[in-house]
Amino acid sequence: MSGKVKLPFAEVIVDIHAREVDRPFHYRIPEAFAGQVHVGTRVIVPFGPRRLEGYVIGFSSEPEPDVKNIKEILDVLDEQPPLTEELVKLADWMSYRYLSSKAASVQALFPAGVRARTSVRLTLKEDVWNKLRKSGSVGISPKEQQILDLLAEGAPVYKDKLLKDAPGLKAPLQRLLRLGTVEEKHEVSQAVQTLYITAVSCTLREADFQKAMDEIPARAFKQKEVARWIRMHGPSIPVRDVLRATHTTYSTINSLVRKGILVLSQVEERRNPYANRFTGERERPLALTGEQEQAYRLIASAMAAGRPDRILLQGVTGSGKTEIYLQSIAACMAQGRKAIVLVPEISLTPQMVERFKRRFGDDVAVLHSRLSQGERYDEWKRIRRGTASIVVGARSAVFAPLENLGLIVIDEEHELSYKQEEQPKYHAREVAWQRALHHGAVLVLGSATPSLETRFMIERGEGRRILLPTRFNKKSLPTVRVIDMRQELQAGNRSMFSRPLHHLILDRLAKQEQIILFLNRRGYSSFILCRNCGYVARCPDCDISLTYHKAHGFEVLRCHYCGHSEPSVSQCPSCSSPHIRTFGTGTQRVEEELNKVFPAARVIRMDVDTTGTKGSHERLLQQFRDGQADILLGTQMIAKGLDFPRVSLVGVITADTSLNLPDFRAAERTFQLLTQVAGRAGRHETEGVVLVQTYHPEHYAIQYAVTQDYEDFYRQEIEIRRTLDNPPLCDLAVFTAQHENRAAAERWVRSLEKRLRAEFHTASVAEVLPACPAPIPKLQGKHRYHLCVKVRDFAKAQPVLLAGYLESSRLAREQGGTITIDVNAQMIL
DNA sequence: GGCAGAAGATGA
DNA sequence: CATCTTCTGCCA
Ligand SMILES: [Zn+2]
Ligand SMILES: [Zn+2]
């Protein structure tokens with residue numbers, strides 16, 4: 001459906017995230033808006049008794065046959081359609097791939113705050129009311145009188161709010177509306193608005209201007225000066241700038257306006273988060289090393305070819321990836337095309353932004369959550385209008401409304417944060433590739449520890465890989481020591497700090513060097529571990545660690561992929577030791593222990609509790625950097641970001657939490673974490689030591705992380721994924737049912753399981769795993785059940801999954817519960 | 001998702 | 001019967 005040929009009916013998706021209305025509705029395009037309605041235009045449409053925001057996704061010559069009484073589009077919201085046809089198509093693809101509603105998919109394309117809210121304001125029709133009152137022909141009930149009195153006060157009254165506060169007023173209000181004494185006014189508002197400021201301009205012809213100047217008395221020399229300055233500096237200048245530049249006051253401007261020399265107008269103001277920064281000369285490209293040059297050439301030639309392509313840039317932090325990105329962007333711009341750079345939210349620091357701004361100045365638009373909504377909106381508009389041709393941002397920047405895209409870079413592509421946790425549950429990597437396919441663009445994926453998905457894509461020959469040298473020289477690799485915690489116990493040490501770690505902490509404290517201690521985010525579920533031999537109960541079918549549950553006095557171990565369960569044990573099945581029990585420590589406990597064992601040490605703790613407020617994350621890191629503490633204790637979040645030159649010891653309190661996450665990605669996560677930690681320690685002159693404490697030192701994820709051998713790790717891990725048929729060899733779709741009533745939630749997933757099983761009789765399309773309780777079996781009073789489906793042929797399975805999903809979510813909604821679906825969930829909770 | 005209108009539920 | 005509550009269908 002072309003946006004050019006305008007047919008009389010528009011197909012509109014209304015902004016309601018419900019399956020029942022998740023289809024286009026047809027509206028007539030009134031004459032007044034002819035030429036203003038395109039694919040991607042936001043409109044206001046009547047929908048039943050209310051008005052809603054909607055998105056135009058297409059046109060048709062005729063309305064749907066069985067629809068009488070077709071309504072008209074009431075308003076067009078933006079001057080330029082906010083979305084391109086490509087983005088509308090992309091939303092459609094997301095709905096297909098992630099089984100999200102069309103409304104949710106389209107809404108995800110907009111920056112936060114760009115969403116029209118409609119409301120109904122009630123006003124008093126005084127003339128009708130007065131007439132009615134005088135005639136005395138109709139009685140007014142006390143409740144009706146109450147409404148009239150409220151409206152007479154004059155403060156704005158909104159229908160939904162009034163009825164929410166006092167539902168009893170519904171019938172009286174309806175009567176008043178019928179009588180005509182109260183009127184409804186539909187209003188449209190939006191959280192973020194375009195900012196306008198007052199500007200002046202002088203549009204007089206030269207002769208008239210000279211004449212006007214001559215008429216100004218000599219003592220009003222300031223007026224003359226200001227008028228001349230404005231005339232010289234441009235057609236329309238914000239008053240604020242005039243006042244600052246000419247050191248004058250508003251009254252001077254006013255006089256000139258009164259004389260007809262200047263005209264005031266409202267102009268759009270850009271809320272620029274980086275105003276007055278990076279304004280100097282643009283930085284020149286740095287010299288490339290041989291490897292960088294090779295990488296750059298490959299990317300540039302791929303872009304020149306103009307076909308969609310994928311390139312994995314594999315190299316550790318500090319191997320010069322950013323410079324390759326920068327020069328690739330320059331090559332992209334030289335082609336007249338545009339670029340997107342995605343960076344994990346946590347790495348999107350001012351320093352990172354600066355690198356791009358210094359090189360490309362205002363051609364760079366930045367999109368991330370720390371900007372105000374207004375700033376983000378204005379950056380987004382610059383992108384849409386084509387004033388900015390490079391976008392740097394976090395996950396959602398993948399939707400930047402650029403046309404003629406030539407390059408998309410995803411830095412740290414293995415990061416979890418590229419998967420959106422809310423609907424639509426998209427993965428930025430997949431979306432980026434979808435856009436690259438459309439534009440014939442190049443997708444560059446950068447990482448030291450590529451995701452199995454990306455590395456496997458390379459193995460299948462669907463992209464190319466460039467290996468950057470590990471580091472400048474092997475020597476600066478930090479010493480990584482793995483501490484066997486089983487031996488600690490055997491030697492009588494029951495503390496959470498092994499003897500070597502204890503010893504090194506004391507040593508660094510004495511030398512006044514800094515220490516970082518990592519603790520994995522505490523598992524949301526617990527597992528049992530033998531302190532003597534390291535045994536962890538695993539599912540015989542899925543090989544993931546079994547989750548410990550205690551209910552009604554029974555202790556069971558359960559696999560939440562397939563539902564396998566077995567009784568818990570109090571004696572190790574492997575070594576018969578009684579030291580087998582649940583495992584898991586929080587940062588708070590480690591902090592207490594640190595205070596007890598090293599009372600002199602100053603500790604900064606960083607976890608969700610201490611970094612809840614805005615900016616606290618950066619503040620704590622800065623404090624540590626300034627030397628206000630000896631030990632930084634935190635979760636994975638401190639693995640990235642700032643550099644700490646004075647850190648000479650990094651300790652991983654326990655690698656086992658990560659290793660035994662009840663998730664088939666546990667080994668991958670552990671390998672990534674440990675590699676990152678090792679990278680953290682070895683960057684500076686101070687020789688870094690990394691200590692990794694674990695009950696499972698022989699595990700391949702730990703061993704290969706110590707030797708920094710990604711390739712060996714990949715080969716072993718992909719074999720396991722292949723054997724167990726896990727992603728990336730299939731797509732894993734996870735349904736989650738939630739309800740206060742446990743039986744109801746279980747019933748839905750069971751019937752969905754049955755239905756899907758019947759449809760997927762051949763395992764070549766999909767394999768349905770048994771429905772079972774989720775790893776978090778109860779959350780906020782709701783019981784949770786899971787159903788996992790291993791999808792081998794997505795195209796064939798999609799319609800079946802969708803139909804099953806729609807049916808069961810309808811059922812769930814009827815009974816006051818919910819069912820969600822997550823395709824390739826990154827964390828299965 | 002949310003609104004109107006219908007169909008029950010409660011109390012005098 | 002008035003009023004409050006829950007249910008059901010539908011939106012172009
Ligand atoms: Zn044991
Ligand atoms: Zn299992």
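Below, chains carry the letters A, B, ... as their sequence lines are ordered, and counting in each starts from 1.
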Problem set entry | Lys/Arg N to Asp/Glu carboxylate O, K419(A) vs E453(A), below 4.0 Å |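 Salt bridge absent between K419(A) and E453(A).
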
Exercise. Is E86(A) salt-bridged to R435(A), cutoff N-O under 4.0 Å?
Worked result: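 Salt bridge: yes.
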
Exercise. Is the centre of the Y55(A) ring less than 6.0 Å from the centre of the F110(A) ring?
Worked result: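 Y55(A) vs F110(A): aromatic centres under 6.0 Å.
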
Exercise. Does W433(A) have any ring-ring contact (aromatic ring centres under 6.0 Å, His included) partners at least two apart in sequence or in another chain, and if so, which?
Worked result: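 Checked W433(A) against ring-ring contact (aromatic ring centres under 6.0 Å, His included); zero matches.
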
Exercise. Do you know the tightest heavy-atom contact between F399(A) and A108(A)?
Worked result: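 Minimum heavy-atom separation between F399(A) and A108(A): CD1-O, 3.4 Å.
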
Exercise. Contacts to DNA chain B from residues 44-53 of chain A, heavy-atom cutoff under 4.0 Å, which residues?
Worked result: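 Per residue number, the list reads F47(A), P49(A), R50(A).
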
For this session: For R19(A), report the nucleic acid contact type (base, sugar-phosphate, nothing); a contact means any heavy atom under 4.0 Å.
Result: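 Answer is nothing: R19(A) stays at 4.0 Å or more from every strand.
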
Exercise. What does K164(A) touch in the nucleic acid at a heavy-atom separation under 4.0 angstrom: a base, only the sugar-phosphate, or nothing?
Worked result: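 Nothing, no nucleic acid heavy atom in range.
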
Problem set entry | Earlier contact from the 5' end, DNA chain B, for R813(A) and L163(A) |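 Whichever sits nearer the 5' end wins; that is R813(A).
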
If you look only at distance, which donor and acceptor atoms sit under 3.5 Å apart when one is on a side chain in residues 163-174 of chain A and the other is two or more places apart or in another chain?
residue, atom, partner, partner atom, Å
D165(A), OD2, K161(A), NZ, 3.0

For this session: Using atom types as modelled and distance alone, determine if a side-chain donor or acceptor of R742(A) lies under 3.5 Å from a backbone N or O of H739(A).
Result: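 Not confirmed, R742(A) side chain does not pair with H739(A) backbone.
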
Exercise. Which two nucleotides bound the region of DNA chain C that has atoms under 4.0 Å from heavy atoms of chain A, read 5' to 3'?
Worked result: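 So the outermost contacting nucleotides come out as dC4(C) to dA12(C).
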
Exercise. Side chains of H17(A) and Q107(A): donor-acceptor distance under 3.5 Å anywhere?
Worked result: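 Checked: H17(A)/Q107(A) side chains show no N/O donor-acceptor pair below 3.5 Å.
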
Exercise. Which two nucleotides bound the region of DNA chain B that has atoms under 4.0 Å from heavy atoms of chain A, read 5' to 3'?
Worked result: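 With heavy atoms of chain A under 4.0 Å away, the range is dG1(B) to dG5(B).
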
For this session: Begin from the C-alpha positions of E767(A) and R792(A) and carry the test salt bridge (charged side-chain N to carboxylate O under 4.0 Å, His left out) through to its verdict.
Result: CA-CA 8 Å; E767(A) 182 193 342; R792(A) 301 204 177 88; 2.9 Å; yes

For this session: Sorted by first residue and then second, give each ring-ring contact (aromatic ring centres under 6.0 Å, His included) pair with at least one member in residues 781-804 of chain A; sequence neighbours left out.
Result: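 Output for this query lists Y96(A)-F794(A).
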
